[in-house]
Peer 1: 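If you scroll down you'll find the structure; I have some questions about it.
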Amino acid sequence: MVTQTIELKRTKTVILNEELLFRANKKSFRNSSRVILAYAWKNLQNDLRYLGSWIYWMVVPLLWLIPYAFQGKALLGDSESSFFLKYGGTGDYFSYVALGFILFNIVDSAIWGAGNRLRWEQKSGTFEYIWITPISRVELLLGSSFSELVWIAFVCTAQFLILNFVLSWTFTIIQILLSLVVIIVTLAGLFSFSFIFASIILIFKEPGTLSELTDISLNILLPVRYPLRILPPFLRWIGYIMPFAYGFFSIRAFTLAREYNLGFIYLTIQLILSAIMWIVGLKIFKRIEHRTRKIGQLGAY
Amino acid sequence: MNEEKYKTKVNQLKWELVGALAIFKKSWQVQKRYPLAFFFYAISPILWLLPHLIFSSALVGGRYSENLYSLIGYGDVLVYTSLGLVFMAIFSSTMWGTTYSIRNEELSGTLENLYISPISRYSIILGNTLFYLTQAMIGCIIQLTIIGIWYREAFSWTNFLLSSVFLLIGFLLIQGISLPLIAFVFWQKEGWKIILLGESLILFITPVTFPIVVLPTLLQNIAKFNPLNYAIEGFRNAFLFGNSGTVQMYLLLLLLILPFATTIGITIFHFAEKKLRKKALLGQY
């Protein structure tokens with residue numbers, strides 16, 4: 001009788017464990033979002049320990065803008081450029097560059113933040129532990145992108161408000177709201193770019209060099225400082241296929257040029273290209289992660 | 001007796017140089033293990049110049065600026081801007097290289113071994129700086145070749161050699177500026193943010209992409225105390241216009257500033273390093 005009871009209890013425990021395992025492994029939106037938020041919160045807790053860093057990255061990139069004003073004064077002697085007016089929708093080149101700088105923060109964040117997060121886990125010695133937990137790799141990447149999203153949304157909004165005050169921009173509430181929509185859509189593009197970038201980091205292991213190379217190349221190919229029309233056609237078209245480029249186009253169309261229809265067209269193109277980049281990014285990441293694990297190079301330095 | 005002392009000094013210097021060269025060789029060997037980084041440093045000088053040059057060209061809608069011509073007597077925006085940027089690239093990479101020369105050894109875990117070896121701290125810094133200098137020089141040669149092609153109609157070897165003197169003095173000046181920064185990084189460990197902030201502020205009063213005359217009067221007055229101002233303007237003027245009274249004046253000013261900056265740099269470094277060793281902060285992360 002006693003043996004039977006023990007056996008029954010054992011069976012029940014096994015069933016219970018199996019059920020727990022099944023529940024834990026069951027893919028659901030609730031489980032996934034819990035994992036994503038937990039990982040994002042862990043990253044944010046780390047970042048929040050360095051509050052000075054938030055203020056620093058809010059202010060210092062704005063300092064890099066000032067030489068552009070002096071350069072314009074030296075080369076043009078005026079605050080309006082006819083080339084920018086013809087191809088950029090506004091002659092006010094400084095505001096053009098200022099908005100470009102704000103939006104480039106998002107691209108920078110995809111490169112230096114989300115894309116490098118896995119490498120930083122590797123360096124902290126926590127990578128293998130996170131990797132063997134029963135959660136999807138994609139959820140991890142989404143978590144790291146999500147923490148970047150919070151941080152970069154803060155930086156972009158603060159910079160926008162500072163520049164709005166300094167440059168006396170006269171934007172309406174609708175223009176500001178539309179700019180925020182552009183920032184959010186560009187941030188969604190950030191996720192997909194992070195997937196591709198994280199895959200490259202897993203292969204080459206040189207985040208510093210790769211990040212710099214990507215950063216500097218995107219600085220050339222995206223309309224951060226100048227309209228893409230000035231680039232040779234083959235370079236211009238590389239810029240045109242990147243979803244980020246349309247973020248730059250639409251934010252300027254909504255704010256500086258006040259051409260709302262054009263802005264919405266750019267925004268739609270950006271959404272479509274971001275969706276394509278999402279699918280491609282996910283596939284590339286999954287394939288490369290599988291390959292890296294197969295050849296035993298996952299934790300290698 | 002004097003001759004013996006002299007011989008010992010020469011031998012000492014020789015061994016210091018051997019030590020510095022060994023560190024230089026080691027740094028290149030490490031670099032060679034990262035082919036992607038090597039490739040990046042080969043092409044980065046061009047990539048780094050491009051966005052700035054394209055922006056200059058977009059501003060004026062071409063290559064020539066009448067306003068720039070009326071200010072300095074020269075209107076080619078591409079040559080003007082790139083000469084400033086070449087100098088700044090050398091300044092930036094050697095400054096960061098020298099500043100992080102000892103900190104990088106600390107992070108690699110090799111600092112203690114180097115510190116107990118019978119060579120001076122300056123040889124450790126020199127070896128690392130030579131590595132960053134050669135790396136920057138590769139970039140500089142690529143950049144200057146491109147500028148030489150743009151400027152081929154009026155290019156003069158004499159002017160080029162004269163401007164190289166400014167590059168050399170500029171490099172030595174950077175060493176003087178970097179020595180206190182090494183001590184700062186040693187003390188603060190992650191002091192790069194403050195250095196970057198300082199570099200960003202200096203860029204306002206350094207004529208990299210614009211002449212100083214376009215600055216507001218207050219900034220123009222502050223810029224008079226910035227030695228980089230004379231180095232960069234001397235370099236550009238010598239390259240574009242050759243020998244002139246202005247170039248000679250800049251050269252003289254730099255030759256006066258150089259020993260002063262180096263002495264202050266060495267004194268601060270010496271003092272700070274001694275303090276840090278006393279507090280046992282060396283080798284801490």
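Everything quoted here is computed from the prediction, not taken from an experiment. Below, chain A is the first sequence line, B the second, and so on; all start at residue 1.
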Peer 1: Which heavy atom of A:S81 sits nearest to which heavy atom of B:A58, and what is that distance?
Peer 2: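 Closest heavy-atom pair between A:S81 and B:A58: OG-O, 3.8 Å.
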Peer 1: Quick check on B:I205 against chain A: is it the side chain, the backbone, both or neither that has a heavy atom closer than 4.5 Å?
Peer 2: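 Answer is neither: B:I205 stays 4.5 Å or more from chain A.
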Peer 1: Under 4.5 Å heavy-atom distance to chain A, tell me which part of B:L196 shows up: side chain, backbone, both or neither.
Peer 2: both
Peer 1: For residues B:L203 and A:F70, determine if any side-chain heavy atom of one lies less than 4.5 Å from a side-chain heavy atom of the other.
Peer 2: no
Peer 1: Could you pull out the closest heavy-atom pair between B:N67 and A:K73, with the gap in Å?
Peer 2: ND2-O, 3.1 Å
Peer 1: Measuring only between side-chain heavy atoms, which start at C-beta, is B:F204 closer than 4.5 Å to A:L63?
Peer 2: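 Yes; the side chains approach each other to less than 4.5 Å.
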Peer 1: Check whether B:I54 gets within reach of chain A through its side chain, its backbone, both or neither, counting any heavy atom under 4.5 Å.
Peer 2: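 Both parts, backbone and side chain.
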Peer 1: Let me know if B:S57 has heavy atoms under 4.5 Å from chain A in its side chain, its backbone, both or neither.
Peer 2: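 Both backbone and side chain of B:S57 come within 4.5 Å of chain A.
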Peer 1: If I compare all heavy atoms of B:S65 with all of A:L75, which pair ends up nearest, and what's the gap?
Peer 2: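 The pair with the smallest heavy-atom distance is OG-O, 2.6 Å.
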Peer 1: Heavy atoms, side chains only, cut-off 4.5 Å: are A:V59 and B:L197 in contact?
Peer 2: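 Contact flag for A:V59/B:L197 side chains = no.
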Peer 1: Among the options B:V77, B:L50, B:L59, pick out the one with the most heavy-atom pairs lying under 4.5 Å from chain A.
Peer 2: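 Option with the top pair count is B:L59.
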Peer 1: Can you say whether B:S70 sits under 4.5 Å from chain A via the side chain, the backbone, both, or neither, judging by heavy atoms?
Peer 2: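 Contact with chain A involves no heavy atom of B:S70 at all.
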